[in-house]
Amino acid sequence: MPRTEPIRAVRGVRDILPRDRSLWRAAERAAAEVATRFGYQEIVTPIIERVELIERVGEDTDAIAKELYRFEDRGGRQLALRPEATAGIVRAYFEGGLNQGPQPARLYLFGPMFRYDRPQKGRYRQFYQFDIEAIGSASPALDAEVIEIARGWLNESGIPELKLELNSIGDGVCRPAYLDRLRDYYRPLEEKLHPDCQRRLETNPLRLLDCKVPQCQPFKAGAPRITDHLCEPCSQAWTQVRRLVESAGIEYVHNPYLVRGLDYYTRTVFEFYPAGASGQQDALASGGRYDGLAETEGWPSTPGVGFAGGFDRVVEVMAASGVEVVAAPAAEVAVLADAGLDHEAANIARICRAVRSVAVDYEAKSLAAKMRSAAKLGARWVVLLSADEAARRTARLRDMASGEQVEVAWDELPERLSR
RNA sequence: GUGGCUAUAGCUCAGCAUGGCAGAGCACCAGAUUGUGGAUCUGGGUGUCGCGGGUUCAAGUCCCGCUAGCCACCCCA
């Protein structure tokens, strides 16, 4: 028999198997419950979008240049697998007329996102996010609200110890003037910066602040802080957000180096880390305000705020912190019939399914082997059937915990199983 | 996109330095058990040694290329 290489999964993707699924489900349930409690409704948007939608909002960034999962469809359209949810949700907000309903539109979404980079631990080409967006309001109260939702989700997922970092990056009014100050500060130091940062100095000076290269670190402390140079509206919003977060009982640290690289981000930015996290790579959820995004997409200027949280990493942290979800057995009842009684076994299973989950073992194996399988399945009961009993329309019901076994008429099985 | 490490049974891995019969544990199957379980004992190997090429009398082992995985960098919209 000729053999070929078995077909394996595509590079950088993975399966979530039944044994892991219960933990994922717990994280998803926590997300949906918290979102619902805050009046957010679920939205589902396509995982494919026009490449312009993604490129428009992330032009020039490495992320788009190198990591966008893009392709051409059969009609020659340039498409991308979405790398994040916000751009698509904002598009749907206008296309679906949510801009004409009560504002803000409070929305949440679960789903896979894609990035085309080299896989490593915790970074897959297909990964899963929980996304929250409040679109159509500039109120700082919503910044605090989405922060509270993020914390609520992580807490209810079983991650109580969190670190919240918070910052404001101003807006189109005050940021340009601040960026000039930042450039003025860094220009004399240019030669001491590493090459990427020398380039950033002119192209994207905010990025200088969250550079992680050791040689650039000494200069950060003396750099001007944007929170000291906010315009009046931004400054008031910054004060409000902090006050609201505090009154929600949420501890945070102001990290003046927390930034976003793209112009449409405004004011609030935040990230949640697990308590012990040191590096920048461990953010469980990150978000902020994006008052310039709708306009970037070509829609009417509309404010919005939200966050995205990664299930892959959250589930990892849950497992590491000992969160355990009792997995339900695949079937509560296993039906084991002698050879040739498949019909009768299926009938009995159908009867029992009125009250319990039931799986039939149709394999041609010894009874001992079938009992072994039933035990491993976690079945609480086993229904045994021989030809004699089938003729009488009875079966033996065995309680796997006690080992008690009684002969029962088929019709009485549901009653006995529901005790 | 860059660098390092790795690839042998369904899974985890040993064997490779110094080329010479394809191995272990777990899992799985069967039996002990005149049909009844997760424990125990006994038996069973289920394999293109990732793929392709090269060196050699001989390659799982040495060399080259490719693919994939892991780790880190870049980046994380």
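- Put simply, the side chain of A/Arg260 and the base of B/rC76 share no donor and acceptor less than 3.5 Å apart.
- In the set B/rG37, B/rC75, B/rU36, B/rG37 carries the atom at the smallest distance from any side-chain atom of A/Ala375.
- Rounded to the nearest Å, the gap between the P atom of B/rA17 and that of B/rU6 is 14 Å.
- Under the 6.0 Å distance and 45° angle rule, A/Arg70 does not count as a cation-pi partner of A/Tyr116.
- Nearest approach of A/Thr86 to A/Tyr290, heavy atoms of both residues: CG2-CZ, 3.7 Å.
- Within the 4.0 angstrom heavy-atom criterion, base atoms lie near A/Leu384.
- Set against B/rC76, B/rC75, B/rA30, the side chain of A/Arg207 has B/rC76 as its closest nucleotide.
- Look at B/rC49: it lacks any Watson-Crick or wobble partner with both distances under 3.5 angstrom.
- Residue contacts for A/Ala87: at a heavy-atom cut-off of 4.0 Å it reaches no nucleic acid atom on any strand shown.
- Side-chain proximity of A/Ser366 to the nucleotides B/rA27, B/rG31, B/rA77 is greatest for B/rG31.
- When heavy atoms are screened at a 4.0 angstrom cut-off, A/Phe127 is found touching no nucleic acid atom at all.
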Test log, rule side-chain contact (heavy atoms from CB on, under 4.5 Å), inputs A/Arg11 and A/Arg118: CA-CA 9 Å; A/Arg11 175 161 210 206; A/Arg118 251 170 101 156; 4.1 Å; yes
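- Minimum atom distance to the side chain of A/Pro119 is reached by B/rG69, of the listed B/rG37, B/rC74, B/rG69.
- Checking B/rA77, B/rU36, B/rA68 against the side-chain heavy atoms of A/Arg11 singles out B/rA68 as nearest.
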Atom pairs, N/O to N/O, protein against nucleotides 42-44 of chain B, distance under 3.5 Å?
none

Shorter than 3.5 Å, N or O on both sides, protein versus nucleotides 9-13 of chain B: list them out with atom names.
none

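- For A/Thr266 against A/Gly292, the heavy-atom pair with the smallest separation is CG2-N, 4.5 Å.
- Among the protein residues, A/Gly12 comes within range of the sugar-phosphate backbone only, with heavy atoms under 4.0 Å from sugar or phosphate atoms but none that close to a base.
- In this structure a side-chain-to-backbone donor-acceptor pair under 3.5 Å is present from A/Glu332 to A/Ser357.
- Distance check on atom P: B/rC57 versus B/rG52 gives 23 Å, rounded to whole Å.
- Contact annotation: A/Gln120 side-chain N/O to B/rA72 OP1/OP2 distance is under 4.0 Å.
- Of the options A/Leu162, A/Leu244, A/Leu164, A/Leu166, a side-chain contact (heavy atoms from CB on, under 4.5 Å) to A/Ile250 is made by A/Leu164 and by none of the others.
- When the C1' atom is used for both B/rC16 and B/rA22, the distance is 14 Å, rounded to whole Å.
- For A/Lys376, counting side-chain heavy atoms from C-beta on, the closest listed nucleotide (B/rU36, B/rC76, B/rA27) is B/rA27.
- Nucleotides B/rU55 and B/rC70 are separated by 35 Å at their P atoms, to the nearest Å.
- With hydrogens and angles ignored, a donor-acceptor pair closer than 3.5 Å exists between the side chain of A/Arg396 and the base of B/rU36.
- A/Arg115 places its CZ atom 12 Å from the C1' atom of B/rC74, with the value rounded to the nearest Å.
- A/Arg260 pairs with exactly one of A/Asn167, A/Ile169, A/Asp210 by the side-chain contact (heavy atoms from CB on, under 4.5 Å) rule, that one being A/Ile169.
- Cation-pi check for A/Arg115 over A/Phe127 is met; the charged atom lies under 6.0 angstrom from the ring centroid and within 45 degrees of its normal.
- A/Tyr185 is linked by a side-chain contact (heavy atoms from CB on, under 4.5 Å) to A/Leu189, A/Phe219, A/Ala223, A/Pro224, counting only residues two or more places apart in sequence or in another chain.
- Among all heavy-atom pairs drawn from A/Pro256 and A/Arg225, the shortest one is CG-CZ, 3.7 Å.
- With distances taken from any side-chain atom of A/Glu67 to the nucleotides B/rA68, B/rC75, B/rC71, the minimum falls on B/rC75.
- The A/Lys365 side chain lies nearest to B/rC29 when the options are B/rU36, B/rC29, B/rC75.
- Remark on RNA chain B: of its neighbouring residues A/Glu84 and A/Ser373, the 5'-side contact belongs to A/Ser373, judged by nearest-heavy-atom nucleotide.
- Judged by atom type and distance alone, A/Arg118 does not reach the base of B/rG1 through any side-chain donor-acceptor pair under 3.5 Å.
- The residue among A/Ala401 and A/Val13 whose nearest nucleotide of RNA chain B lies closer to the 5′ end is A/Ala401.
- Taking the six-membered ring where the residue is Trp, A/Phe311 and A/Phe130 present tilted rings, their angle falling between 30° and 60°.
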